[in-house]
There are 2 protein chains.
Amino acid sequence: MSDVARAAGVSAATVSRALRGEPGVSEATRRYVTEVAKRMRYAIARDASSLAGGRRYAIAVLTGDVGRGDLLAGAEGALRQAGFDVLLYVLGDEGSRSGFFEDVPLGRRVDGVLALSITLAESESAALAELGVPVLTVDDGDLRSALRLAVGHLIDLGHRDIALVLAVGVDESYDEVLVAQGLEIRPEWTLWSSPTVVGGEQVADALLDGERLPTAVISASGEVALGVFMRLRRDGRRIPEDLSLVSLDGQDLTRAVGITAVEGALREEGEQAVAELLGSIRGDGESSVHELSWQLAVRESTGRA
Amino acid sequence: MSDVARAAGVSAATVSRALRGEPGVSEATRRYVTEVAKRMRYAIARDASSLAGGRRYAIAVLTGDVGRGDLLAGAEGALRQAGFDVLLYVLGDEGSRSGFFEDVPLGRRVDGVLALSITLAESESAALAELGVPVLTVDDGDLRSALRLAVGHLIDLGHRDIALVLAVGVDESYDEVLVAQGLEIRPEWTLWSSPTVVGGEQVADALLDGERLPTAVISASGEVALGVFMRLRRDGRRIPEDLSLVSLDGQDLTRAVGITAVEGALREEGEQAVAELLGSIRGDGESSVHELSWQLAVRESTGRA
DNA sequence: CTGTTAGCGCTTTCAG
DNA sequence: CTGAAAGCGCTAACAG
């Protein structure tokens, strides 16, 4: 920096102010210094800058699963544009996750934390809170609201007989969502399946064995939806003419196959989450939660009842 | 750090040495200092450390597409374990990519660069080279070698009549790979398709329209393989009894559906790439290329001819 | 093996 | 609006 200062005939302090857009420099000086710096290919050293200035210009991004890639991509883009470094931590498997939280390696290194596609345990949140910087958690959102969207779409298409396939282990009841929209519940049309294509095929078999076929199926898992899709087609059923199908998950899969699905605008949500976090950093420093909101991607697997 | 030094009754220099595992401290002192530091929840400030020490302990990870998530996850894990920060840059769309290379924002900030799932243009490589740190590019590997693996597997199963589906736009010939393994080439069994499920279905139709069906199909794309799979099954063909199917890509898709595929051990390759890069950083500082190597994941879509 | 002494390259008062 | 000076929190010789 002092080289640039010398070349521009000013002091280092002025170069610093000029390059960072700080007030207190005449426009002419700023322009000139900026130009000299560019010519000399000079860029401020982040380490020294944050050491001296106390700012860090870095955000830690925690993610459970790199699968939801677009969320990450959106966040990264927005952060880079805002001049922040992205320190990535993939906390997918238990080992790396506990290793991370055991001794959170972020002390005095980041201005904030963004937790994507990861549900933090109480103790984990506490560990992050100790950093003293805002934490923004992007919550995967409510299955209930996703379901509402799917049901609404099917009802609009005239469906009344809707089966719901949940993940095994889910013991919560979602009947109310259907009931709230005026549907009758038939117990045999609530099914559980492991989140695999094979599971979906079995579900389809079960459905076909029933005394009456629903006119639509909603699956919580994309893999299951695909299994149902393939099994029904192999059985000669047409989709969507004979049966409509909606998935509540599995963005990539459902898009590839053309299955109507509830999904998030992940990239945009990532950007938005960053905006919230940066706002908090500049503002009250509060931690918060960003709820992912769902949208319906209507594709070829749904039609009139 | 001086607080810790005082509390431990030593100098700051000793604390520094002890905490970083530098030689020149007695084991007893190191243990004691470490303990005091932990008790005081002290961690070395990276900024100050790298400013003073000249080391940076950070690697820039460039990735074109977060899709190949496991590569990234593997690399991140290995880097974290080695004590390096991961600065992530997602260079998916043209805008962010050119923005990045226009003014590579990494000067004096990283010890090395890891380029994953991204093919660097000449000028981009040059821009990175200017950083003066090693660059390790992970190359997606050769379609030819992936194909060789698939063909070998099918030949082992007794197949001689193999169709190959390439991406539209690929004008290179891969006949030699088949010929080298003693197969005869039938021109009508080389097909081109857009990398979509629908494209795959069309390919299947074309195959079914032909005068003779091959006993096996190799598809360069996972989506296409899925399309072929679904179309054939709907047509009443059994897979693998009537026809075997291998995909050269589409890890997630093919795994979900149970299609035999050539794939990389992405997580492990990511770790390995990191090892190579760190080696170069500590060693000759040379940039290099890590070729992804392929493996065959045999699933239910292939069987004896 | 340990302490002392200079910086690392910036930013920030405080004067001018 | 600009410059001089004093650190930011560490590490790296250099002594002892």
Side-chain angles (χ1 to χ4, degrees), chain A residues 1-38 40-58 83-85 105-111 131-133, chain B residues 1-38 40-58 83-85 105-111 131-133:
Chain A
M1 182 180 267
S2 55
D3 290 351
V4 176
R6 201 171 313 121
V10 295
S11 72
T14 297
V15 173
S16 171
R17 289 190 276 248
L19 260 29
R20 284 177 304 140
E22 286 281 291
V25 198
S26 75
E27 251 327 298
T29 309
R30 186 189 307 280
R31 232 194 305 281
Y32 182 55
V33 167
T34 306
E35 191 212 302
V36 172
K38 185 184 305 186
M40 298 178 71
R41 307 177 134 284
Y42 169 81
I44 288 179
R46 273 295 229 284
D47 286 338
S49 175
S50 45
L51 177 57
R55 263 164 257 118
R56 273 161 285 260
Y57 294 109
F84 282 81
D85 281 343
L106 299 176
R108 295 181 287 165
R109 276 139 72 36
V110 297
D111 302 299
L131 292 174
V133 297
Chain B
M1 181 181 269
S2 57
D3 289 351
V4 175
R6 202 173 312 120
V10 296
S11 72
T14 296
V15 173
S16 171
R17 289 190 277 247
L19 259 30
R20 285 178 303 139
E22 286 281 290
V25 198
S26 75
E27 251 328 296
T29 310
R30 187 189 306 279
R31 233 194 305 281
Y32 183 55
V33 167
T34 307
E35 191 211 305
V36 172
K38 186 184 304 187
M40 299 177 72
R41 308 179 133 280
Y42 169 80
I44 288 180
R46 268 303 226 280
D47 287 339
S49 175
S50 45
L51 179 57
R55 261 165 258 118
R56 274 161 283 262
Y57 294 108
F84 283 81
D85 282 343
L106 300 176
R108 296 182 286 167
R109 277 139 73 35
V110 297
D111 302 299
L131 291 173
V133 297

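Atoms considered below: every heavy atom in the structure, side chains included; atoms not considered: hydrogens, waters and symmetry mates. Quick note on labels: first sequence line is chain A, next is B, and so on, each numbered from 1.
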When the distance from [atom1] of [X] to [atom2] of [N] is rounded to whole Å, what number comes out?
X       : N      : atom1 : atom2 : result
B:Arg46 : C:dC10 : CZ    : P     : 20 Å
A:Arg6  : D:dG3  : CZ    : P     : 14 Å
A:Asp47 : D:dC10 : CG    : P     : 13 Å
A:Leu51 : D:dG9  : CG    : P     : 7 Å

May I ask you to verify if any side-chain N or O of [X] is less than 4.0 angstrom from the OP1 or OP2 atom of [N]?
X        : N      : value
B:Tyr32  : C:dT2  : no
B:Ser26  : C:dT2  : yes
A:Thr14  : D:dG3  : yes
A:Tyr57  : C:dT11 : no
B:Arg108 : C:dC10 : yes
A:Thr29  : D:dT2  : yes

Practice item. For A:Ser2, report the nucleic acid contact type (base, sugar-phosphate, nothing); a contact means any heavy atom under 4.0 Å. Key: nothing

Review point. What does nucleotides 11-16 of chain D look like as a protein-contact string, B for base, S for sugar-phosphate only, - for none, at under 4.0 angstrom between heavy atoms?
Key: BBB---

Practice item. Consider only side-chain N and O atoms of B:Arg20 and B:Ser16, and report whether a donor and an acceptor are under 3.5 Å apart. Key: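 Yes, B:Ser16 and B:Arg20 have a side-chain donor paired with an acceptor closer than 3.5 Å.
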
Is any side-chain heavy atom of [X] less than 4.5 Å from a side-chain heavy atom of [Y]?
X        : Y       : result
A:Tyr42  : A:Leu19 : yes
A:Arg109 : B:Asp85 : yes
A:Arg31  : A:Glu35 : no

**Study point:** Helix axis bend for the helix from C:dC1-D:dG16 to C:dG16-D:dC1 - C1'-based end axes, five pairs, 10° rounding
**Key:** 30°

Exercise for review: Verify, without hydrogens or angle tests, whether B:Ser49 (side chain) and B:Ala45 (backbone) share a donor-acceptor contact under 3.5 angstrom.
Suggested key: no

Check your understanding: Is the side chain of B:Arg17 donor-acceptor paired with the backbone N or O of B:Val25 at a distance under 3.5 Å, no angle test?
Key ->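 It does not hold such a pair.
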
Point to revise | Nearest-nucleotide comparison on DNA chain C, the residue closer to the 5′ end among A:Ala45 and B:Val25 | key: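 Result of the comparison: B:Val25.
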
Point to revise | Approximate separation, where rounding is to 0.5 Å, of A:Thr14 OG1 and A:Glu22 CD | key: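 Answer for the OG1-CD pair, A:Thr14 versus A:Glu22, is 12.0 Å.
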
Check your understanding: Distance from A:Tyr57 atom OH to A:Arg46 atom CZ, nearest 0.5 Å?
Key -> 8.0 Å

Exercise for review: Report the C-alpha distance between B:Val10 and B:Tyr32 in whole Å, list the side-chain angles of each, state the deciding distance to 0.1 Å, and finish with yes or no for side-chain contact (heavy atoms from CB on, under 4.5 Å).
Suggested key: CA-CA 10 Å; B:Val10 296; B:Tyr32 183 55; 6.0 Å; no

